[in-house]
Amino acid sequence: MRKSILLLLLFVVSIQVHAQEQSKGSPRIIILATGGTIAGSGESATKAAYTAGKVPIDDLLNAVPQIHNYGKISGEQIASIGSQDMNIATWLKLTKRINEIFAKDEADAVVVTHGTDTQEETAYFLDLTVMSDKPVVIVGAMRPSTAMSQDGNRNLLDAIVVAADPKSVGKGVLVAMNEKVFDARDVTKTSTTDLETFKSKNFGPVGLIYDGKVQYYYQSLRSPLKKFDVTKLNSLPQVEIIYGYADANPNSVYCVTNSGPKGVVYAGMGNGNFNAPVGKALAEAAKKGIIVCRSGRAGSGRITLDNEVKDAELGFVVSDDLNPQKARVLLMLSLTETSNRAKIQQNFFDY
Ligand code: SIN
């Protein structure tokens with residue numbers, strides 16, 4: 001009797017060890033598909049017209065059988081949209097599913113396929129809300145899957161390479177595009193149609209992918225240690241973006257601030273600057289309790305606190321080096337926890 005219990009125990013332990021060994025050598029990777037040009041389909045291989053988000057995940061995976069050399073790959077369809085239609089409901093669905101995958105130990109890494117237009121916003125949202133240090137890699141394509149010289153298959157394979165690599169653990173959410181790896185916080189889309197569109201204007205890519213391998217060179221210190229818990233949320237506080245330009249009419253500010261937002265991000269000129277009437281309208285909004293965050297339209301650099309603009313006096317916060325669309329993401333999430341201006345400003349320096 002004792003002997004058979006011992007044998008049974010040995011059997012169970014050996015199965016566990018075997019499973020661990022297997023997952024070490026062959027990571028389990030789930031691909032969550034959301035649509036975008038990487039799943040785009042056109043009638044011609046040479047013409048530019050196509051519809052984003054048409055190709056289902058199974059077809060995308062079948063088109064790149066080499067991905068199976070890097071792990072145990074499976075796919076799930078989360079949405080089938082062009083990323084211009086990405087929305088907060090889908091962000092919440094996506095991050096809740098990723099958190100569930102890691103909490104239930106369903107996978108060692110997740111890859112998200114996504115349209116490139118709002119890829120950077122989704123990447124940063126996930127960076128702030130995924131409660132695991134396991135790799136999450138977002139990938140897209142500039143040319144639809146039916147195009148001549150399409151980039152999606154290569155990008156997908158590269159994303160799997162990044163997700164499968166143990167060196168990708170603890171690096172926050174990563175974006176794999178065009179043989180480069182970017183930090184979610186810093187990366188931005190810089191060109192409407194170029195393949196080489198993703199750049200980290202302030203700091204450059206964190207790694208390079210070549211010949212089925214990823215090599216890392218840098219790691220951001222700003223990947224958040226503390227995350228926002230969105231488990232119980234079905235929506236986020238309303239935050240709008242207002243664009244700055246020469247001779248801007250303050251009506252654009254009033255129009256937005258009278259629509260009931262909890263926060264606004266101002267994409268100002270240079271170091272987040274505004275003309276006098278716009279500044280007055282923004283200060284009035286801050287006085288009413290709307291969190292006004294100065295960001296910039298220049299595309300790189302920081303917005304500095306209390307230098308050119310008297311932020312303390314006017315009641316503004318600054319985005320540090322976040323561009324307006326990412327400042328909006330952090331402001332929405334910050335507002336789920338606090339409406340204290342000083343705490344929110346600190347978040348912009350910490351996250
Ligand atoms: C989209 O963002 O869904 C369309 C553009 C693209 O994926 O490149």
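Counting starts at 1 for both ligands and their atoms, in listed order. Position 1 is the first residue of the sequence, and the numbers go up from there.
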So with a 6.0 Å cut-off around CZ of F203, is the heavy-atom count from everything else above 12?
-> yes

With side chains defined as the heavy atoms from C-beta onward, is the minimum distance between R222 and Y351 less than 4.5 Å?
-> no

Salt bridge flag under 4.0 Å for residues E284 and K288 | no

In terms of ring plane angle, is the pair F274 and F316 parallel, tilted or perpendicular, where the classes change at 30° and 60°?
-> perpendicular

Per-ligand residue contacts, ligand 1, heavy-atom threshold under 4.0 Å | G36, T37, Y50, G82, S83, Q84, G115, T116, D117, A141

pair V329-Q325: side-chain heavy atoms closer than 4.5 Å | no

N87 and T90 side chains, donor-acceptor separation under 3.5 Å = yes

